[in-house]
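Accompanying notes for the structure given below.
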Amino acid sequence: MEFSTFVRMSFSAKLIGWYLDHGRELPWRQTQDPYVIWLSEIILQQTRVEQGMPYFQSFVTTLPTIEDFAKAEEDVILRLWQGLGYYSRARNMHKAAKMVMSAFEGSFPTRYEDVIQLPGVGPYTASAISSFSSNEARAVVDGNVYRVLARVFGIDTDTNSSAGKKIFQQLADELIDQKEPGLYNQAIMDFGALICKPKQPLCPTCIFEDTCVAKATNQIDTLPKKIKSRKSRNRYFHYFILRKGNEIMLSKRAEGDIWANLHEFPLIETDEPADAEQIRLHPSFVAHFGDAHPQPISTPIKQVLSHQNIFAQFYQMPENLEVRSKKSSWFYTFSENLDTLAMHKLIFSFLSRDHIAK
DNA sequence: AACACGGGGTC
DNA sequence: GACCCAGTGTT
């Protein structure tokens, strides 16, 4: 097409034109089934496409319908989710699936006002589901959209302030293609992911290079702006490996903290680093294990989370140790069950390093 | 408005 | 180490 024509094309027309030529082919784009789209969108919250892809495949295969999802045990959902992080997404999905069965008679909603009622579905996800499944004109605003709009239009408002959220949503609502909202939403996100990347964006091939404010004013590296989050705290986890015959002691974490409802080993947490001798004398350790000697296994593992640094030390406990008092969350299970129980990364990566023989 | 909530990739 | 990722829920 003529260059002068292209310059005069609308923002959305340029984007859709670019997308039809250069967009990615992703499995969840082959369907309009709101259930399948919902699966993909929840999985992709704060998660890269490449990381979410195998999880999407296993969810679709294992739980092909919303009814399958609603009827599954939460532990099954969490096991499928194992390793993806932000596990409240999985727990909320289970609640949402049950809500679809009861409040929507098993038919997954497609309207924005309906889907946003579901737990785990906010403005972004409701816009995505409604625009992709029924072409409702709701503009998605995700990390990609913040970046593209902030740069092209030179907006320096913090994207995570309430003012910023409002401004970017309003602009997105004005820019969305009213005829092809679903296509437009896919297009702007792909464009942000492939061209207008966070680092080293591909400005020379960008369809907005001639009009991009950030490019013209040398702000590519400073936009979008964002309020910085606070730094992490340190936590020290001491895990105890207790075995009795073919069984091993596990614990299920409670709600209200990281890794809610996931399995791990019996744990003592300290605010400061502690060595084996300090742990042996810890009141809680004595209450549970008496005068037993915990044997440290290798060196501590550091696990970095968004707001926490976890330092985990694993201890081998004497074989067939009789535990004095057992927390209600503790239980013995056969080692082969480790394949089916949902655990967090610290635990399954420890297990996979062959420290535990099955 | 500020913070919690995972795990992995990039520079 | 800092920042980001197809964000949402709670306080």
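Excluded from the calculations below are hydrogen atoms, water molecules and symmetry mates; all remaining heavy atoms, backbone and side chain alike, are included.
- With both ends at atom P, the span from dT11(C) to dG6(B) equals 15 Å, rounded to whole Å.
- Note: Met9(A) CE to Lys14(A) NZ = 8.0 Å, rounded to the nearest 0.5 Å.
- Between Met317(A) and Ala292(A), the shortest heavy-atom distance links the atoms CE-CB, 4.2 Å.
- One can place CG of Asn309(A) at 13 Å from C1' of dA2(C), the figure rounded to the nearest angstrom.
- OP1 or OP2 of dC5(B) sits under 4.0 Å from a side-chain N or O of Gln308(A).
- Rounded to whole Å, the distance from CD1 on Ile43(A) to P on dC5(B) is 22 Å.
- One can place CG of Asp221(A) at 14 Å from C1' of dA2(C), the figure rounded to the nearest angstrom.
- dC5(B) and dC4(C) have their C1' atoms separated by 16 Å, with the value rounded to a whole Å.
- A straight line from OH of Tyr87(A) to P of dG6(B) spans 7 Å, rounded to a whole angstrom.
- When rounded to the nearest whole Å, the span between OH of Tyr55(A) and P of dG6(B) equals 13 Å.
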What string of B, S and - do you get for nucleotides 6-11 of chain C 5' to 3' if you count protein non-hydrogen atoms under 4.0 Å? BBSS--
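- Nucleotides dA6(C) and dC11(B) are separated by 22 Å at their C1' atoms, to the nearest Å.
- Across all their heavy atoms, Asn144(A) and Ile188(A) have their closest contact at CB-O, 4.4 Å.
- The two residues Met343(A) and Leu338(A) come nearest to each other via the heavy atoms CE-O, 3.3 Å.
- Going from atom NE2 of His307(A) over to atom P of dG1(C) covers 17 Å, rounded to whole Å.
- Place Gln303(A) and Lys228(A) on DNA chain B by their nearest nucleotides, and Lys228(A) ends up nearer the 5' end.
- Gln82(A) contributes atom CD, which lies 6.5 Å from atom OH of Tyr87(A) (distance to the nearest 0.5 angstrom).
- Using cut-offs of 30° and 60° on the angle between ring planes, the pair Tyr315(A) and Phe240(A) is parallel.
- Rounded to whole Å, atom P of dC5(C) lies 11 Å from atom OH of Tyr146(A).
- Residue contacts shown for Gly83(A) are limited to sugar-phosphate atoms, with no base heavy atom under 4.0 Å away.
- Contact between the side-chain N/O atoms of Lys199(A) and the OP1/OP2 oxygens of dG9(B) is not found at any separation under 4.0 Å.
- In this structure, Ser306(A) and Lys302(A) both approach DNA chain C, and ranking their closest nucleotides by distance from the 5' end singles out Lys302(A).
- Within the model, atoms CG of Asn135(A) and CG of Asp177(A) stand 9.0 Å from one another, a figure rounded to the nearest 0.5 Å.
- For the pair Asn160(A) CG and dC5(C) P, the interatomic distance rounds to 11 Å; values are reported in whole Å.
- Cation-pi check for Lys252(A) over Phe331(A) is not met; the charged atom does not lie both under 6.0 angstrom from the ring centroid and within 45 degrees of its normal.
- Taking every side-chain heavy atom of Asp257(A) into account, dC5(B) is the closest of dC3(C), dG7(B), dC5(B).
- Residue order along DNA chain B, read from the 5' end via each residue's closest nucleotide, puts Ala163(A) first among Arg91(A) and Ala163(A).
- Residue Lys197(A) places none of its side-chain N or O atoms closer than 4.0 Å to OP1 or OP2 of dC5(C).
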